[in-house]
Q: 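Please read through the structure below; I'll follow up with questions.
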Amino acid sequence: MNIKHLLTEKTLAAFQQLGLTDNVNAAVTQSTRPEFGDYQINGAMAAAKLLKTNPRQLAQQLLELLDIADMAESVEIAGPGFINVKLDKNWLASQLTTAATDSRLGVAVNPTPQTVVVDYSAPNLAKEMHVGHLRSTIIGDAVVRTLEFWGDTVIRQNHMGDWGTQFGMLIAHLEDKIAAGVDLETVALADLEDFYREAKKRFDDESGFADKSRDYVVKLQSGDAHCQKLWQMFIDTSIKHSNDVYQKLNVTLTNADIKPESAYNAMLQPIVAELVAKDIAVESQGALVVFLQELADKEGTPSPFIIQKTGGGFLYSTTDLAACQYRSHELAADRIIIFTDARQALHFNQVELVARKAGYLAERTAYDHCPFGTMMGEDGKPFKTRTGGTVKLAELLEEAVVRANAVLQDKVTDLSATEMAEIARKVGIGAVKYADLSKNRTSDYIFSWDAMLSFEGATAPYLQYAYTRVRSILRKAEVAADFHAEIVIGAEQEKLLAVKLLRFEETLQQVMKEAQPNLLCNYLYELASLYMTFYEACPILKEGVEPATRDSRLMLSIFSAKLLHKGLDLLGIEVMERM
RNA sequence: GCGCCCGUAGCUCAGCUGGAUAGAGCAACGGCCUUCUAAGCCGUGGGUCAUAGGUUCGAGUCCUAUCGGGCGCGCCA
């Protein structure tokens, strides 16, 4: 059920009857104010401009041809040519009654399933995951879940950093730890951040260590068995740390989704050779470079894109080109979505240009780099990762659960300690995720413990609480799993809730198109808020409520609970029966 | 120097391909629990949408300039 889509089709049909088929835009939107109805059709004004006619007159003609008598209670022309549509309560009720019992919650079956490759999370395995990895990980996961629910074939790609120059120093350090007989699991690699710091310190201070490190990188990348073995030990441990975080975060990534940088190793040399052979790349100051005229500055100086360093080493640019080829051709992607920090915007812009020139990206493959802002400290200045300012993701999540537990302790409940711990976990993690997912900002954002761990207002706990309130009623009413009744819409609070309930698919479409889960966050908050209002205003199980009214309201409650559950699930946020 | 992103209420942010009187939450203030769960509900106050021009029936949204913040720009990723 997609009311906006339905109204758009009806409007376009009416336009067609008026002889307008090209360049017409129905411009259907949700009404901005209650007195303008539920939806407004704004297309008449732009069309009138094209035809050089009076917009109100055109709107009138359109209105007469508009076949929406069954769904609209009233249709009115207002202002310069707006068409305001107020939906009919009976129509809404009947649509809802159908949707409420649908296994897809009223969301249509995807008519054109696509293969979508989603590149997200991508931590650097040299270090532990920190708060900077949160956005990519959970936004990507929410988009993935939404695409899968819609019916696309999603291929997750965790482009982990496992091949950089730091690994020489890390494995050299590891080698010494092993020689000293230190237990790797519980001591040496228990804290990757400490391990990295130790190795870096030796690299800077200890004579001979830096040379050994550089030597080990070369050996590693040329396939030396000893170095490979050490490297593998380190990588395995680091991946385990990531998996712990994913599990805590309720993120769907698994080892099967890992396609690290090293996996593209064999493709790099042939790609460089091909780019040179095609005259796309040229030698410049000892390196191989692609000069992009498309990104030239005002003087016409092209933008350089280095694909091979002086001395033959490859860079992440080369790896990303290989990833394009693999994803577009081998995985047959219709669309590639990459979630990274905005600082890489130029890089991905260049990657796409080069990949298109060389055919690594097929024409049919859309390439969407979805950037987000750099993280700042609470003072508004860039978050320093080197000066001890790093907040480990695992620590943030632990803190969230501790704080949620503290809030829970203040409540008088009859919940067991086990239930309380489970609720604190879901509330704490949910709060962290919602705080981040609900923001659209492509600009920089400020990391704040308090904002991240807030449990009041538009937060995950609010949505979880709304869910438990509904569930509580349904438990009390002892409704059967297959409970069914006809929905009747009377009170204004019911009408507003009904319209919102029928906007789920509309919301999901937008989330997928823009790769912006914050739209789903907004929707769910509004849904929960409208349910709360309905809950306060419309008694269900109280004395004096007519059976038919009670059953209708129970149906509204059941469907609200299902949508809240599903919506939060798509965000990767868990719900509970009680809190 | 050049380029990209951004500037909306005291704070954090919404604002769907340009639409009508710019919306939430937090904070402040005032109401609502002999309870269908008060992590809630209802209400009040709070704005030159950075600034100045321009495009048009209409601009927070598009264009230009300026100011302010962040980031990027040949061998890290």
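Chain A is the first sequence line, chain B the second, and so forth, proteins listed ahead of strands; every chain is numbered from 1.
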Q: Examine the side chains of A:Ser317 and A:His347 and answer whether a donor and an acceptor come within less than 3.5 Å of each other.
A: no

Q: On a whole-Å scale, what distance lies between the C1' atoms belonging to B:A50 and B:C57?
A: 28 Å

Q: Can you tell me if the side-chain N/O atoms of A:Lys476 get under 4.0 Å from OP1 or OP2 in B:U37?
A: yes

Q: Under 4.0 Å: is that the gap between some side-chain N or O of A:Lys309 and OP1 or OP2 of B:C76?
A: yes

Q: Taking only the side-chain heavy atoms of A:Ile473 (C-beta and beyond), determine which of B:U37, B:A14, B:G74 contains the nearest atom.
A: B:U37

Q: Let me spell it out: for each of A:Ser31 and A:Trp163, pick the nucleotide of RNA chain B with the closest heavy atom. Which residue's pick is nearer the 5' end?
A: A:Ser31

Q: Under 4.0 Å between a Lys/Arg side-chain N and an Asp/Glu carboxylate O for A:Glu546 and A:Arg550?
A: no

Q: Where the side chain of A:Glu536 is concerned, which of B:A39, B:G74, B:C41 is the nearest nucleotide?
A: B:C41

Q: Would you kindly check if the NZ (Lys) or CZ (Arg) of A:Lys259 is within the cone defined by 45 degrees around the ring axis of A:Tyr264 and under 6.0 Å from the six-membered ring centre?
A: yes

Q: Over all strands shown, is A:Cys521 touching base, sugar-phosphate only, or nothing at heavy-atom distances under 4.0 angstrom?
A: nothing

Q: Does B:C76 have OP1 or OP2 sitting under 4.0 Å from an N or O in the side chain of A:Thr165?
A: no

Q: Please state the C1' separation for the pair B:U34 and B:G45 - nearest whole angstrom.
A: 34 Å

Q: Look at the rings of A:Phe447 and A:Trp449 and say which category their plane angle falls in: under 30° parallel, 30 to 60° tilted, over 60° perpendicular.
A: perpendicular

Q: If the cut-off is 4.0 Å, is A:Thr533 near the phosphate of B:C42, judged by side-chain N/O to OP1 or OP2?
A: yes

Q: For the side chain of A:Asp444, starting at C-beta, report the closest nucleotide among B:C16, B:G74, B:G70.
A: B:G70

Q: Rounded to the nearest 0.5 Å, what separation is found between the OG atom of A:Ser416 and the CD atom of A:Glu422?
A: 10.0 Å

Q: For A:Glu478, I'd like to know if atom CD has over 12 heavy atoms of other residues, nucleotides or ligands within 6.0 Å.
A: no

Q: Is A:Lys49 near enough to B:U56 that one of its side-chain N or O atoms lies under 4.0 angstrom from OP1 or OP2?
A: no

Q: Is A:Tyr465 stacked on the base of B:G40 when the test is centres under 5.5 angstrom and planes under 30 degrees?
A: no

Q: Could you tell me if A:Arg56 sits above the aromatic ring of A:Phe82, with its cationic atom closer than 6.0 Å to the ring centre and no more than 45 degrees from the axis?
A: no

Q: Could you check how far CE of A:Met532 sits from C1' of B:C33, rounded to whole Å?
A: 15 Å

Q: Taking the side chain of A:Gln30 as heavy atoms from C-beta outward, which of B:A20, B:C16, B:C57 is closest to it?
A: B:C16

Q: Determine the contact category for A:Glu577: base if any of its heavy atoms lies under 4.0 Å from a base atom, sugar-phosphate if only primed atoms, P, OP1 or OP2 are that close, otherwise nothing.
A: base

Q: A:Asn42 side chain N/O closer than 4.0 Å to the phosphate oxygens (OP1, OP2) of B:G18?
A: no

Q: Looking only at the side chain of A:Lys4 (C-beta and beyond, no hydrogens), which of the listed nucleotides B:C16, B:G15, B:C57 gets closest?
A: B:C16

Q: Using a cut-off of 4.0 Å on non-hydrogen atoms, how would the nucleic acid contact of A:Asn25 be classed: base, sugar-phosphate, or nothing?
A: base

Q: By nearest atom, which of the nucleotides B:C57, B:C75, B:C13 is closest to the A:Thr310 side chain?
A: B:C75

Q: Between the base of B:U8 and the side chain of A:Arg441, is there a donor and acceptor pair under 3.5 angstrom?
A: yes

Q: Just checking, is any N or O donor in the side chain of A:Asn124 or A:His133 under 3.5 Å from an acceptor N or O on the other one?
A: no

Q: Please check the phosphate of B:A38 (OP1 and OP2 only) for any side-chain N or O of A:Arg469 closer than 4.0 Å.
A: yes

Q: Given that A:Val28 and A:Ala296 both sit by RNA chain B, which one's nearest nucleotide is further toward the 5' end?
A: A:Ala296

Q: Under 4.0 Å: is that the gap between some side-chain N or O of A:Lys439 and OP1 or OP2 of B:C13?
A: no

Q: So, is the end of the A:Arg503 side chain (NZ or CZ) under 6.0 Å from the ring centre of A:Tyr39 and within 45° of the ring's axis?
A: yes

Q: For A:Ile306 and B:C76, give me the distance from atom CD1 to atom P, rounded to whole Å.
A: 8 Å

Q: Taking syn as any angle within 90 degrees of 0 and anti as the rest, which one fits B:C49?
A: anti

Q: Hey, where does RNA chain B pair up into stems, meaning at least three consecutive Watson-Crick or G-U pairs with distances under 3.5 Å?
A: B:1-7 with B:67-73, B:10-13 with B:23-26, B:28-32 with B:40-44, B:50-54 with B:62-66

Q: To the nearest Å, how far apart are A:Ile83 CD1 and B:A20 C1'?
A: 15 Å

Q: How about A:Tyr467 and A:Ser560: does a side-chain donor come under 3.5 Å of a side-chain acceptor?
A: no

Q: Measuring only the C1' atom in each nucleotide, how far is B:G68 from B:U51? A whole number of Å is fine.
A: 11 Å

Q: May I ask you to say what A:Phe36 touches in the nucleic acid, namely base, sugar-phosphate or nothing, with a heavy-atom cut-off under 4.0 Å?
A: base

Q: Determine the interatomic distance between C1' on B:C4 and the same-named atom on B:G40; round to the nearest Å.
A: 44 Å

Q: Below 4.0 angstrom, N of the basic side chain to O of the carboxylate: do A:Lys86 and A:Asp38 qualify?
A: no

Q: Which part of the nucleic acid does A:Ala78 contact within heavy-atom distance under 4.0 Å: base, sugar-phosphate only, or nothing?
A: base

Q: What interatomic distance, in whole Å, is found between C1' of B:A14 and the corresponding atom of B:C73?
A: 33 Å

Q: Can you identify which nucleotide, out of B:A39, B:C13, B:A20, has its nearest atom closest to the A:Ile423 side chain?
A: B:A39

Q: Which nucleotide sits closest to the side chain of A:Pro304: B:G74, B:C16, B:G19?
A: B:G74

Q: Classify the side chain of A:Arg33 versus the base of B:U21 as yes if they form a donor-acceptor pair under 3.5 Å and no if they do not.
A: yes

Q: Between A:Phe203 (CZ) and B:C76 (P), how many Å, whole number?
A: 12 Å

Q: Which part of the nucleic acid does A:Asn84 contact within heavy-atom distance under 4.0 Å: base, sugar-phosphate only, or nothing?
A: base

Q: Ring of A:Tyr462 versus six-membered ring of B:G40: centres under 5.5 Å and planes under 30°?
A: no

Q: So is the aromatic ring of A:Tyr535 stacked onto the base of B:C36, judging by whether the centres are under 5.5 Å apart and the planes are under 30° apart?
A: yes

Q: Using a heavy-atom cut-off of 4.0 Å across all strands, would you classify A:Leu408 as base, sugar-phosphate, or nothing?
A: base

Q: Go through B:A20, B:C57, B:C6 for me and flag the one nearest to the A:Ser443 side chain.
A: B:C6

Q: Classify the side chain of A:Ser472 and the base of B:C36 as holding, or not holding, a donor-acceptor pair under 3.5 Å.
A: no

Q: Looking only at side-chain atoms of A:Asn440, point me to the closest of B:C41, B:G15, B:G19.
A: B:G15

